[in-house]
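Computation of the quantities below employed the complete heavy-atom set of this structure, encompassing side-chain atoms and omitting hydrogens, waters and symmetry-equivalent molecules. Here the structure is a predicted model, which means the values were calculated and not measured.
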Amino acid sequence: DNVNVNENDNEARRGVIKASYEKALQNGDKNVYFIDGFTLFNGLNFTDCTVDSCHPNDLGFFRMAQVIGNKIEEILNK
């Protein structure tokens, strides 16, 4: 069975996270970063990155590691 993913719930969660990030920036935090979860599975075969349209499988975790790893590398090379 596919998990019933409620896009409105996802957008609401994303909004809370994004607002928290923006508030931290406004408060002067220079060591906070935002990775949009919608970008984690970008690319070829993005629909094959989960087992149930929600939970990542091996390919999903690999793609997540690439995106997060690239951001960490960018931060460390500042």
Side-chain angles (χ1 to χ4, degrees):
D1 287 272
N2 283 345
V3 172
N4 184 11
V5 178
N6 185 327
E7 294 302 323
N8 291 332
D9 286 348
N10 286 342
E11 193 60 36
R13 285 186 196 97
R14 181 178 180 270
V16 169
I17 293 167
K18 182 77 171 174
S20 296
Y21 162 74
E22 290 171 355
K23 183 174 182 178
L25 288 178
Q26 291 171 359
N27 288 331
D29 191 340
K30 302 213 183 322
N31 290 309
V32 62
Y33 304 90
F34 179 77
I35 298 175
D36 190 339
F38 289 124
T39 68
L40 293 177
F41 299 149
N42 280 350
L44 187 63
N45 301 327
F46 72 92
T47 57
D48 296 331
C49 291
T50 68
V51 295
D52 57 4
S53 300
C54 182
H55 298 93
N57 58 23
D58 290 347
L59 178 60
F61 282 117
F62 175 74
R63 295 269 177 90
M64 291 167 68
Q66 286 181 310
V67 171
I68 295 167
N70 287 340
K71 180 53 83 174
I72 291 171
E73 183 176 16
E74 177 186 317
I75 292 164
L76 293 175
N77 287 326
K78 280 184 164 183

Identify the two heavy atoms, one from D36 and one from R14, that lie closest to each other, and give their separation to 0.1 Å. OD2-NH2, 2.5 Å
Test item: N57 side-chain N/O and D48 main-chain N/O as donor-acceptor pair under 3.5 Å: yes
Min side-chain heavy-atom separation L25-K30 under 4.5 Å: no
Out of curiosity, does L76 fall in the hydrophobic cluster containing V67 (side-chain heavy atoms, cut-off under 4.5 Å, transitive links)? yes
Is there side-chain contact between F38 and E11, with at least one heavy-atom pair below 4.5 Å? yes
Kindly work out whether a path of hydrophobic side-chain contacts (I/L/V/M/F/W/Y, heavy atoms less than 4.5 Å apart) joins F61 to I72. yes
d(Q66 CD, E73 CD) to nearest 0.5 Å is 12.0 Å
Charged N to carboxylate O below 4.0 Å: is that the case for K23 and D29? no
Could you grab the distance from atom CD1 of I17 to atom CD1 of I35, nearest 0.5 Å is fine? 11.5 Å
Looking at CD1 of I75 and CG of N31, how far apart are the two atoms once the value is rounded to the nearest 0.5 Å? 8.5 Å
Out of curiosity, C49 SG to F62 CZ, how far, rounded to the nearest 0.5 Å? 10.0 Å
Think K18 forms a cation-pi with F34, using NZ or CZ under 6.0 Å from the six-ring centre and within 45 degrees of its axis? yes
If you count the non-hydrogen atoms of other residues, nucleotides and ligands that lie under 6.0 Å from CG in D58, is the total more than 12? no
Can you tell me how far CZ of F46 sits from CG of L40, rounded to the nearest 0.5 angstrom? 13.5 Å
Can you confirm whether Y33 is buried at OH, in the sense that more than 12 heavy atoms of other residues, nucleotides or ligands lie under 6.0 Å from that atom? yes
Would you mind reporting whether T50 and F41 have side-chain heavy atoms less than 4.5 Å apart? yes
